[in-house]
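In what follows, a single structure is set out as structure tokens and then discussed.
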Amino acid sequence: MADHYEVLGIARDASADDIKKAYRRLARELHPDVNPSGEAAERFKLVTHAYDVLSDPNQRQQYDLGGAGGFGGGGGGFNGFGDIFETFFGGGQQQRGPRSRRERGQDALLRVEVELEEIVFGTTRQLEVDTAVLCETCEGSCCSPGTSPQTCDICRGSGQIQRTVRSLLGNVMTSSPCGSCRGFGTVIPSPCPTCAGQGRVRARRTIPVDIPAGVDTGLRIQLPGQGEVGPAGGPNGDLYLEIKVKTHETFSRSGDDLLATLELQMTDAILGTTATLRSLDGDVRVEIKPGTQSAEVLTIKERGITRLRGAGRGDLKIGIQVVTPVRLNSKETKLIQEFAGSRRPVPPEFSTFQQGIFSKLRDRFLNL
Ligand code: ZN
């Protein structure tokens with residue numbers, strides 16, 4: 001094990017003050033809050049252990065005589081180095097001087113349901129938001145009109161109460177927030193009646209919001225400064241809109257593409273036809289070639305969703321489902337039999353497995 005004096009970089013006859021100074025200097029360099037590296041953490045452990053031993057006169061004497069000087073020996077008042085660090089550096093949370101009443105307001109989250117139609121090109125919504133707004137009576141001062149905050153008598157405006165605590169390192173000054181003014185340094189003798197001294201009130205307001213084209217479920221839109229106003233008129237937080245795109249009866253979404261299923265009569269599939277279909281943005285004309293099969297996909301370019309990032313639009317993809325006629329009358333049955341008789345017979349047979357047919361079926365159930 002490394003020599004404790006070497007670890008701290010001090011002479012064997014170093015005074016208690018030298019030991020403290022050396023530890024302090026190394027802690028500033030190696031404490032995990034300052035230096036996150038693993039190597040620093042290891043060195044900090046050694047340094048802290050060396051300090052624990054050498055700062056306790058009994059343990060130091062034992063160490064100097066070649067004793068163990070092990071961990072946990074002696075009766076130090078500290079539990080671990082966290083306490084020592086806080087004593088040296090004043091702790092993490094505590095700050096000097098009074099705390100401001102003004103604080104940033106909280107962020108707010110609002111869930112917004114939009115129709116698939118609305119995200120093809122984007123939309124504007126009037127959203128009602130229940131939020132904290134600045135109190136108009138006191139304009140955030142928290143005081144009754146004509147009055148003002150007064151210096152706290154207990155802490156004399158510092159917001160802190162100082163105490164002297166005896167510790168291993170001698171007497172240490174610690175401070176804690178003043179209980180009388182809750183650390184503000186001032187008290188409000190006559191709180192604003194409108195907001196009960198909060199500087200803000202709850203209100204419902206309506207804000208217009210642009211929902212861009214191409215947004216998808218789960219996406220969050222940040223509206224800076226549209227969250228609630230902070231205590232005592234502090235700056236606004238942000239408002240986040242979480243998008244949920246509603247399920248559409250006809251169209252499904254795959255990235256920026258729109259998917260739809262087209263039912264096609266067997267005769268149209270055989271002979272070919274043209275059709276005008278209503279898409280989410282007006283009519284599209286599709287041409288069905290003679291001999292079209294079930295599960296074929298027609299792609300209509302640039303009739304999908306406008307892309308959220310980048311230019312252009314996705315495509316409209318139309319999956320064909322050929323419909324077999326049922327309940328034929330005797331004349332129709334005869335015509336089909338004649339047609340069948342004119343063809344070379346092909347017995348039903350397994351073909352190559354096609355996953356696509358089954359995944360389409362599954363998708364249909366998922367979209368219900
Ligand atoms: Zn007020």
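Computed from a predicted structure; not experimentally measured. All residue numbers refer to positions in the sequence shown, counting from 1. For ligands, and for the atoms within them, numbers begin at 1 and follow the listed sequence.
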Run the side-chain hydrogen bond (donor to acceptor under 3.5 Å, both in side chains) check on D3 and Y63 step by step: do they pass? CA-CA 10 Å; D3 179 71; Y63 182 75; 3.1 Å; yes
Name of the residue among R253, K246, R125 meeting salt bridge (charged side-chain N to carboxylate O under 4.0 Å, His left out) with E115: K246
Just by distance, with hydrogens left out, do D64 and Y5 show a side-chain donor and acceptor under 3.5 Å apart? yes
Between D130 and R202, is the closest basic N to carboxylate O distance under 4.0 Å? no
Determine whether V129 and I207 make a side-chain contact, defined as any pair of heavy atoms from C-beta on separated by less than 4.5 Å. yes
Distance below 2.8 Å from the Zn ion (ligand 1): protein N/O/S atoms: C135 SG, C138 SG, C192 SG, C195 SG
Could you list the cluster mates of V326? Members are the ILVMFWY residues connected by side-chain heavy atoms closer than 4.5 Å, either directly or through other members. none
